[in-house]
Novice: 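Quick one: structure below, then a few questions.
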Amino acid sequence: MEKYISIRDQYCSNQACSFYKQIGKQNIAIHGKKPERLRCTSCRKTWVLHKNGPDYYLKSDPEKIKKALELLSLGLTIRMIAKRCKASTSTIQRWKAKFQVPP
Ligand SMILES: [Zn+2]
């Protein structure tokens, strides 16, 4: 699960850093495993993986999200959708909140 969270998708959130919010600059190093911490080799800031960053959800399979949202709009329950999309119920709930699907 959650393999799509990649170090390549992470960015430095230090506004003073020259790599601030830049992805793919190869300035990110792994700093720790539990929790997963990363370090910017430029400014030496460390942080826990941006799992809740704005890009996080979009790194999921877009087709899967689309399908989940479709099923939501059809009135299926979170549990049913999770099963069909092979995702956890909490993931579906996050997508629902993120994309603000009306109840
Ligand atoms: Zn930095």
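In listed order, ligands and their atoms are each counted from 1. We use all heavy atoms of the structure for the numbers below, so side chains are in, but hydrogens, waters and symmetry mates are not. Everything quoted here is computed from the prediction, not taken from an experiment.
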Novice: Mind listing the protein N/O/S atoms less than 2.8 Å away from the Zn ion (ligand 1)? Waters don't count.
Specialist: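 Listed by chain and number: Cys12 SG, Cys17 SG, Cys40 SG, Cys43 SG.
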
Novice: Taking only residues two or more places apart in sequence or in another chain, which ones pass side-chain contact (heavy atoms from CB on, under 4.5 Å) with Leu76?
Specialist: Leu71, Leu74, Met80, Ile81, Arg84

Novice: With the 4.5 Å side-chain cut-off for hydrophobic clustering, are Phe19 and Ile23 part of the same group?
Specialist: no

Novice: Report yes if some heavy atom in the side chain of Arg39 is under 4.5 Å from a heavy atom in the side chain of Arg44; otherwise report no.
Specialist: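 Arg39 vs Arg44: side chains touch.
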
Novice: Please answer: with hydrophobic residues joined when any side-chain heavy atoms are less than 4.5 Å apart, are Trp95 and Leu72 in the same cluster?
Specialist: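 Trp95 and Leu72: one cluster.
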
Novice: Taking all non-hydrogen atoms of both residues into account, name the closest pair between Trp47 and Tyr11 and its distance.
Specialist: CZ2-O, 3.3 Å

Novice: Checking Thr46 now: which residues fulfil side-chain hydrogen bond (donor to acceptor under 3.5 Å, both in side chains) with it, not counting sequence neighbours?
Specialist: Arg37

